[in-house]
Amino acid sequence: MRLPTLSSLLCLAGLAAVPASAFDGNDPNIRSIPLRTHSLSPPYLDSDFQSRWFDFGGDTVIRADKYIRLTADRPSQQGWIFSRVPLTATNWQIELEFEIHGEGNLHGDGFAMWLTKQRGTQGPVFGSQDKFEGLGIFVDTYKNNRPGVSFPYVMAMMGDGQTTYDQAHDGKANELAGCSARGLRNAPVPTKLRLTYFQDKSLTLDLQYKSEDTWTNCFSLTPDQASIAIPSVAYLGLSAETGELSDNHDIISVKAENLYHVKGSLRDQSTNGGKDSSRGRSGNKSGSQEKSSWSWFLFKMILFFGAIVGAYFGWAVYRTKTRSSRF
């Protein structure tokens with residue numbers, strides 16, 4: 001039996017060793033925990049000039065103080081970066097800050113964000129492989145053949161591992177949902193993409209490119225509208241491609257968070273002070289439920305860390321005995 005390595009234990013600790021924060025959304029009952037294993041920010045690399053949680057390849061260049069450049073503004077480039085460990089959270093949100101820019105009015109081709117079973121394989125679909133299994137979000141900046149659609153165009157495709165991306169028609173045959181995002185390239189404000197997923201409930205994509213701190217909904221899907229079943233084990237990736245036309249495709253940061261519901265809500269508390277005693281009791285009950293849920297959460301975290309420490313020491317003892325038996 002193969003025991004867990006220290007790196008895998010640290011991967012789990014990356015989820016639990018950070019405080020929970022309020023969810024940046026409309027539901028006050030949802031909280032978030034940062035996922036360090038799937039987040040990126042300057043300087044991107046560790047002291048040994050490697051990333052602990054991500055692999056990268058192709059034409060990707062990392063400038064530690066500014067960006068991860070998947071492609072430069074030069075023809076025929078492909079670059080990618082993929083997480084080393086899968087994203088296994090049930091509910092999550094990924095916020096990506098990026099920049100697409102270059103010289104001239106002719107540009108292409110675009111970049112993609114992936115949540116797929118495959119990882120780190122260079123290919124013809126925005127720099128990554130075709131016939132993927134999982135979710136691809138494509139930010140397409142060059143129009144091949146889609147009459148009546150303004151570009152840049154942002155669309156989602158759910159791959160089954162066998163279907164080929166409809167390159168000739170900019171993914172029209174594969175589109176799960178999408179929207180035009182004219183002004184996304186060379187935007188005067190930080191451009192961002194926010195993907196929110198609740199398993200078996202919803203998949204939502206929001207964009208920021210018109211003005212800072214203003215989000216535009218691209219699409220919101222539920223299971224009765226389309227298949228949104230992302231593989232339970234999926235790797236987070238980013239890739240980009242240029243052809244005869246080119247652009248700089250820069251990743252500024254990735255912020256991934258695990259989302260969870262808390263029991264009770266302070267929103268049910270009375271706003272009428274002591275005028276309505278029944279509402280006051282309801283508010284107190286709600287507050288006590290929330291405190292109880294936090295106490296239970298902290299208790300589970302303590303048990304979790306105890307399990308990690310126990311597993312590590314067990315692994316260390318096992319390794320020592322194995323080495324001793326060889327001599």
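All figures in this text were calculated on a predicted structure; none of them were measured in a lab. What you see below is based on every heavy atom in this structure, not just the backbone, and it leaves out hydrogens, waters and symmetry mates.
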**Student:** Do Leu193 and Ile251 share a hydrophobic cluster (ILVMFWY, side-chain heavy atoms under 4.5 Å, transitive)?
**Tutor:** yes

**Student:** For Asp170 and Asn144, does a side-chain donor sit closer than 3.5 Å to a side-chain acceptor?
**Tutor:** yes

**Student:** Would you kindly say whether Glu257 and Ser32 are connected by a side-chain donor-acceptor distance under 3.5 Å?
**Tutor:** yes

**Student:** Does the plane of the ring in His38 sit parallel, tilted or perpendicular to the ring in Phe54? Use 30° and 60° as the thresholds.
**Tutor:** perpendicular

**Student:** Say whether Glu133 and Thr116, considering side chains only, have a donor N or O and an acceptor N or O under 3.5 Å apart.
**Tutor:**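 Checked: Glu133/Thr116 side chains show no N/O donor-acceptor pair below 3.5 Å.
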
**Student:** Are any non-hydrogen side-chain atoms of Thr222 and Lys201 less than 4.5 angstrom apart?
**Tutor:**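 Answer no - side chains too far apart.
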
**Student:** Using the ring-ring contact (aromatic ring centres under 6.0 Å, His included) rule, collect all pairs that involve residues 93-112, keeping only residues at least two apart or in two chains.
**Tutor:** Phe98-Phe111

**Student:** Can we call the ring centroids of Tyr235 and Trp114 under 6.0 Å apart?
**Tutor:** no

**Student:** Just by distance, do the side chain of Asp160 and the backbone of Thr163 share a donor-acceptor pair under 3.5 Å?
**Tutor:** yes

**Student:** If you count heavy atoms of other groups shown closer than 6.0 angstrom to CG of Asn105, is the number above 12?
**Tutor:**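 No.
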
**Student:** Checking Gln93 against Thr196 for the side-chain hydrogen bond (donor to acceptor under 3.5 Å, both in side chains) test, could you report, in this order, the C-alpha distance in whole Å, the side-chain angles of both residues, the deciding distance, and whether it holds?
**Tutor:** CA-CA 4 Å; Gln93 183 178 89; Thr196 308; 2.9 Å; yes

**Student:** Above 12 or not: heavy atoms from other molecules or residues under 6.0 Å from CD of Glu103?
**Tutor:** no

**Student:** Evaluate the side-chain proximity of Leu87 to Leu115: yes if any heavy-atom separation is below 4.5 Å, no if none is.
**Tutor:**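 Leu115 reaches Leu87 side chain to side chain.
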
**Student:** For the residue pair Phe138 and Tyr165, does the interplanar ring angle fall in the parallel (under 30°), tilted (30 to 60°) or perpendicular (over 60°) class?
**Tutor:** perpendicular

**Student:** Once rounded to the nearest 0.5 Å, what's the spacing between atom CZ of Phe56 and atom CG of Leu45?
**Tutor:** 5.5 Å

**Student:** Would you call Asp250 and Ile68 a side-chain contact if the rule is heavy atoms closer than 4.5 Å?
**Tutor:** no

**Student:** Would you confirm whether Lys117, through its side chain, and Gly161, through its main-chain N or O, come within 3.5 Å as a donor-acceptor pair?
**Tutor:** no

**Student:** Give me the atom names and distance for the closest heavy-atom approach of Ala112 to Phe126.
**Tutor:**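 Heavy atoms only, the tightest pair is CB-CB, 3.9 Å.
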
**Student:** Look only at the side chain of Gln77 and the backbone of Ala72, and say whether a donor-acceptor pair between them is shorter than 3.5 Å.
**Tutor:** yes

**Student:** Looking at side-chain heavy atoms only, is the closest gap between Ile100 and Asn186 below 4.5 Å?
**Tutor:** no

**Student:** Could you walk me through whether Trp215 and Lys192 satisfy the side chain to side chain contact (heavy atoms under 4.5 Å, CB included) test, starting with their C-alpha distance in whole Å, then the side-chain angles of each, then the deciding distance to 0.1 Å, before giving a yes or no?
**Tutor:** CA-CA 9 Å; Trp215 293 92; Lys192 296 182 180 181; 3.6 Å; yes

**Student:** For a quick test of reading the model, state the closest non-hydrogen atom pair linking Thr242 to His249 and the distance between them.
**Tutor:** CG2-CE1, 4.2 Å

**Student:** Ignoring hydrogens, what is the shortest heavy-atom contact between Lys210 and Val189? Give both atom names and the distance.
**Tutor:**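 Scanning both residues completely, I find the closest heavy atoms to be C-CG2, 4.3 Å.
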
**Student:** For Arg84, give me all partners under side-chain contact (heavy atoms from CB on, under 4.5 Å), at least two apart in sequence or on another chain.
**Tutor:** Gln50, Asp55, Arg119

**Student:** Measure across Met157 and Phe132 and return the closest heavy-atom pair with its distance rounded to 0.1 Å.
**Tutor:** SD-CZ, 3.7 Å

**Student:** Is there a path of hydrophobic side-chain contacts, each under 4.5 Å between heavy atoms of I, L, V, M, F, W or Y residues, that connects Ile62 with Leu70?
**Tutor:** yes

**Student:** Decide yes or no on side chain to side chain contact (heavy atoms under 4.5 Å, CB included) for His261 and Phe198, but give the supporting numbers first.
**Tutor:** CA-CA 11 Å; His261 291 267; Phe198 288 92; 4.2 Å; yes

**Student:** How long is the gap from CG on Asn91 to CD on Gln199, to the nearest 0.5 Å?
**Tutor:**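 CD of Gln199 is found 7.0 Å from CG of Asn91.
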
**Student:** Between Leu203 and Leu135, is a side chain to side chain contact (heavy atoms under 4.5 Å, CB included) present by the stated rule, with each step listed?
**Tutor:** CA-CA 11 Å; Leu203 177 68; Leu135 177 67; 4.2 Å; yes

**Student:** Nearest 0.5 Å, please: how far is OG in Ser41 from CZ in Arg36?
**Tutor:** 10.5 Å

**Student:** Do Trp53 and Ser83 pair up side chain to side chain, a donor and an acceptor below 3.5 Å, judged on atom types alone?
**Tutor:**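 No pair is found: no donor N or O on one side chain lies under 3.5 Å from an acceptor on the other.
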
**Student:** Could you check if a side-chain atom of Asn145 sits within less than 4.5 angstrom of a side-chain atom of Pro147, using non-hydrogen atoms only?
**Tutor:**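 When only atoms from C-beta onward are counted, Pro147 and Asn145 do touch, with a gap below 4.5 Å.
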
**Student:** For Val154 versus Ile137, what's the shortest heavy-atom pair and its separation?
**Tutor:**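 Scanning both residues, the minimum pair turns out to be CG1-CG2, 4.2 Å.
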
**Student:** Indicate whether any N or O donor in one side chain lies under 3.5 Å from an N or O acceptor in the other, for Asp59 and Thr71.
**Tutor:** no

**Student:** Can Asn174 and Asp166 be counted as having a side-chain donor-acceptor contact under 3.5 angstrom?
**Tutor:**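 Side-chain D/A pair, Asn174 to Asp166: absent.
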
**Student:** Among all residues two or more places apart in sequence or in another chain, which pass the side-chain contact (heavy atoms from CB on, under 4.5 Å) test with Thr164?
**Tutor:**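 By the side-chain contact (heavy atoms from CB on, under 4.5 Å) rule, Thr164 matches Asp130, Lys131.
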
**Student:** If you define the side chain from C-beta out and look only at heavy atoms, does anything of Leu245 sit under 4.5 Å from Tyr142?
**Tutor:**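 Counting from C-beta outward, Leu245 and Tyr142 do come under 4.5 Å.
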
**Student:** Going from CG on Asp247 to CG on Asp109, what distance comes out if it is rounded to the nearest 0.5 angstrom?
**Tutor:**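 Reported value, rounded in 0.5 Å steps: 9.5 Å.
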
**Student:** So which heavy atom on Thr141 is nearest to which on Gly108, and how close?
**Tutor:**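 Taking every non-hydrogen atom into account, OG1-CA, 3.5 Å.
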
**Student:** Test salt bridge (charged side-chain N to carboxylate O under 4.0 Å, His left out) on Glu175 and Arg146 and set out the steps.
**Tutor:** CA-CA 12 Å; Glu175 184 173 346; Arg146 274 195 86 163; 2.7 Å; yes

**Student:** I'd like to know if the side chain of Gln208 and the backbone of Pro190 have a donor-acceptor N/O pair within less than 3.5 Å.
**Tutor:** yes

**Student:** Could you tell me if the side chain of Pro75 sits less than 4.5 Å from the side chain of Glu244, heavy atoms only?
**Tutor:**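 No, every pair of side-chain atoms sits at 4.5 Å or beyond.
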
**Student:** Report the distance from atom CD1 of Ile94 to atom OG of Ser39, rounding to the nearest 0.5 Å.
**Tutor:**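 Between Ile94 CD1 and Ser39 OG, I get 8.5 Å after rounding to 0.5 Å.
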
**Student:** Taking Asn258 for its side chain and Ala89 for its backbone only, find out whether a donor-acceptor pair lies under 3.5 Å.
**Tutor:** no

**Student:** Given the rule that I, L, V, M, F, W and Y join up when any side-chain heavy atoms are under 4.5 Å apart, are Ile230 and Ile228 in one cluster?
**Tutor:**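 Yes, it is one cluster - the side chains of Ile230 and Ile228 are joined through contacts under 4.5 Å.
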
**Student:** Do Tyr44 and Phe82 share a hydrophobic cluster, counting only Ile, Leu, Val, Met, Phe, Trp and Tyr and linking them when any side-chain heavy atoms are less than 4.5 Å apart?
**Tutor:**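 Different clusters: Tyr44 never reaches Phe82 through Ile, Leu, Val, Met, Phe, Trp or Tyr contacts under 4.5 Å.
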
**Student:** What distance separates Leu259 CG from Ile33 CD1, expressed to the nearest 0.5 Å?
**Tutor:** 9.5 Å

**Student:** So do Leu207 and Cys218 actually touch side chain to side chain, heavy atoms under 4.5 Å?
**Tutor:** yes

**Student:** If two hydrophobic side chains count as joined below 4.5 Å and joins carry through other members, does Tyr153 share a cluster with Leu238?
**Tutor:**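 In one cluster with Tyr153: Leu238, no.
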
